[in-house]
Amino acid sequence: MPEKSLQSGWAEYDSGNYGTAMLAFEKAIADGEDASTGVVADAYNGLGWVYLGFSQNAGVNQKNITTALSKFQASIARDSANADAWVGRAGLLLARRDSQADLRDALKAIDNALQRDAKYLYRHVYDSQSDLHALKMQCYYYLGELSKAREESNRALAIEKNNGVALTIKKLL
């Protein structure tokens, strides 16, 4: 049952058991030929977050980032309403920031997330709309677009006055 494997994958992910989570997500994909598109898409999304988790545990690893991005993209291709996959993609593009294109793509991904199915938002690292505005603020900061970074900081802090990322970067502005 791919649904059961998907649930198991998220439970293992939430416990920090990334290797076990990976196996459960891969099983959900393998068994998911007859499952709903959303189940397989969310399993790919789970794999993206797993590879991101591996990167954070071992330092930023370019291969893990590339793999995670491909998994998020596979999720989005199967279910573009999965806001969590858009958020994961945005976070990874910000982490990689090889070019201004990465940062611009991250901004688009955040906007896509905010327009998608809210049931998929705030499942992992980013807990609120304030966090997403803080993520946008970071992108604008690295692009050198400081007035837009200030705008996003104000949006983030209007939602959550103690948003740590927004407060920290606001000091730099």
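Nothing fancy with the numbering, it's 1 onward along the sequence.
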Subject >> Gap between atom NE2 of H133 and atom CD1 of I159 - 0.5 Å precision >> reply: 4.0 Å
**OP:** Look at R96 together with D102 and state whether they make a salt bridge at an N to O cut-off of under 4.0 Å.
**Re:** yes
Original post:
Between the main-chain N or O of K4 and the side-chain N or O of S8, is there a donor-acceptor pair closer than 3.5 Å?
Top reply: no
Subject >> Rounded distance (nearest 0.5 Å) linking atom CG of L107 with atom CG of L143 >> reply: 6.5 Å
Original post:
When clusters are formed by joining ILVMFWY residues with side-chain heavy atoms under 4.5 Å apart, either directly or through shared neighbours, do Y142 and I110 land in the same one?
Top reply: yes
Original post:
Who pairs with T20 by side-chain contact (heavy atoms from CB on, under 4.5 Å), at least two apart in sequence or on another chain?
Top reply: E12, N17
**OP:** Kindly give the heavy-atom pair with the smallest separation between I29 and V40, and that separation in Å.
**Re:** CG1-O, 4.2 Å
Subject >> Test side-chain contact (heavy atoms from CB on, under 4.5 Å) applied to I65 and L52, step by step >> reply: CA-CA 7 Å; I65 287 175; L52 175 58; 5.9 Å; no
Original post:
Heavy-atom distance under 4.5 Å between the side chains of W10 and N45, does that happen here?
Top reply: yes
Original post:
Would a hydrophobic clustering, with Ile, Leu, Val, Met, Phe, Trp and Tyr connected at side-chain separations under 4.5 Å, put L157 with V165?
Top reply: no
**OP:** Could you state whether Y44 and Y18 fall into the same hydrophobic cluster, counting links through intermediate Ile, Leu, Val, Met, Phe, Trp or Tyr residues with side-chain heavy atoms under 4.5 angstrom apart?
**Re:** yes
**OP:** Consider only side-chain heavy atoms of I, L, V, M, F, W and Y, link residues closer than 4.5 Å, and tell whether L132 and L167 are in one cluster.
**Re:** no
**OP:** State yes or no: do W86 and M137 share one hydrophobic cluster built from I, L, V, M, F, W and Y residues joined by side-chain heavy-atom distances below 4.5 Å, directly or via other members?
**Re:** no
**OP:** For the residue pair I76 and N82, establish whether any side-chain heavy-atom pair is separated by less than 4.5 Å.
**Re:** no
Original post:
Does a side chain donor of either W49 or D84 reach within less than 3.5 Å of an acceptor in the other side chain?
Top reply: yes
Subject >> Spacing of SG belonging to C139 relative to CG belonging to L94, to within rounding of 0.5 Å >> reply: 4.5 Å
Original post:
Distance from E151 atom CD to Y140 atom OH, nearest 0.5 Å?
Top reply: 8.0 Å
Original post:
Is there a side-chain contact between E26 and L23, using heavy atoms and a 4.5 Å cut-off?
Top reply: yes
Original post:
L69 versus L93: any side-chain heavy-atom pair under 4.5 Å?
Top reply: yes
Subject >> Y141 side chain reached by L146 side chain, heavy atoms, under 4.5 Å >> reply: yes
**OP:** Could you tell me the separation between the OG atom of S153 and the NZ atom of K148, rounded to the nearest 0.5 Å?
**Re:** 16.0 Å
Original post:
Salt bridge check: are R78 and D42 linked by an N-O gap of less than 4.0 Å?
Top reply: no
Original post:
Do R89 and F72 meet the cation-pi criteria used here (NZ or CZ under 6.0 Å from the six-membered ring centre, within 45° of the axis)?
Top reply: no
Subject >> Shortest non-hydrogen separation from A156 to S130 and the atoms involved >> reply: O-OG, 2.8 Å
Original post:
Would you say the side chain of D31 lies within less than 4.5 Å of the side chain of M1, judging by non-hydrogen atoms?
Top reply: no
**OP:** Determine, for E152 against R155, whether the closest basic-nitrogen to carboxylate-oxygen distance falls under 4.0 angstrom.
**Re:** yes
Original post:
Does any N or O in the side chain of T168 come within less than 3.5 Å of the main-chain N or O of G164, such that one atom is a donor and the other an acceptor?
Top reply: yes
Original post:
Which pair of non-hydrogen atoms, one from A113 and one from A83, has the smallest distance, and what is that distance?
Top reply: O-CB, 3.4 Å
Subject >> Considering all heavy atoms, the nearest G48-A68 contact >> reply: O-CB, 3.5 Å
**OP:** Work out which heavy atom in G9 is nearest to a heavy atom in A21; give both atom names and the distance.
**Re:** O-CB, 3.4 Å
Original post:
For the residue pair S75 and A41, what are the closest heavy atoms and their distance?
Top reply: OG-O, 2.7 Å
Subject >> Side-chain touch E160/D131, heavy atoms, less than 4.5 angstrom >> reply: yes
